[in-house]
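Below: the structure, in structure tokens.
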Amino acid sequence: DVVIEAVGRVVALDAAFGLVRKRARIVSVAAHATTAWPFPLAQAFTSEISLRFAIGDSIRYRRKLFALIVSGVLAVDDVIDEHVAFAQAPQAYERMARQQILKAVIDPRR
């Protein structure tokens with residue numbers, strides 16, 4: 001139903017369009033720096049795919065967070081609660097939504 005792109009690279013957006021089913025959504029929560037991307041308009045139209053971008057708080061506050069990390073006030077381990085395998089990603093997102101954890105790193109190698 002939903003493909004979450006959290007890498008921030010054109011190749012990841014392309015991969016999301018390769019994975020998504022008809023009438024589904026792609027949500028990009030990554031920070032993109034590329035100024036242009038060839039949007040697959042025909043596929044999006046014929047398959048009724050929607051694409052949405054969302055800026056998370058970690059991106060919005062990254063300068064302040066980085067300053068706290070560099071100064072030693074905040075340890076990176078204080079921000080990342082757990083590392084999970086790709087298969088556990090849905091449960092990690094649920095725990096974040098319920099504010100049980102702050103940040104989970106999804107490691108596809110696990």
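In this text, all values refer to a predicted model and were calculated from it rather than measured experimentally.
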Could you see if [X] belongs to whatever hydrophobic cluster contains [Y]? Use Ile, Leu, Val, Met, Phe, Trp, Tyr and a side-chain cutoff under 4.5 Å.
X	Y	result
Leu51	Val2	no
Val10	Ile4	no
Val29	Val7	no
Leu41	Val3	yes
Ile69	Val105	yes

For the atom pair [atom1] ([X]) and [atom2] ([Y]), what is the distance rounded to the nearest 0.5 Å?
X	Y	atom1	atom2	answer
Ile101	Glu94	CD1	CD	10.5 Å
Ile26	Glu5	CD1	CD	9.0 Å
Lys103	Met96	NZ	CE	7.0 Å

So, for [X] and [Y], which heavy atoms are closest and what is the spacing to 0.1 Å?
X	Y	answer
Ile106	Ala89	CD1-CB, 3.7 Å
Gly8	Ala30	N-CB, 3.0 Å
Arg25	Val20	O-CG2, 4.0 Å

Do [X] and [Y] come close enough that some side-chain heavy atom pair is under 4.5 Å?
X	Y	value
Gln88	Arg95	no
Trp37	His32	no
Arg21	Asp1	yes

Practice prompt. Could you tell me whether Asp14 and Arg9 have a side-chain N and a carboxylate O separated by less than 4.0 Å?
Written response: no

Discussion item. Is it the case that the side chain of Ser71 and the backbone of Leu68 share a donor-acceptor pair, with hydrogens and angles ignored and the cut-off at 3.5 Å?
Written reply: yes

Discussion item. Can you confirm if the aromatic rings of Phe17 and Phe39 lie within a centre distance of less than 6.0 Å?
Written reply: yes

Is [X] atom [atom1] crowded by more than 12 heavy atoms from other residues, nucleotides or ligands, each under 6.0 Å away?
X	atom1	value
Gln99	CD	no
Arg52	CZ	no
Arg23	CZ	no
Phe66	CZ	no

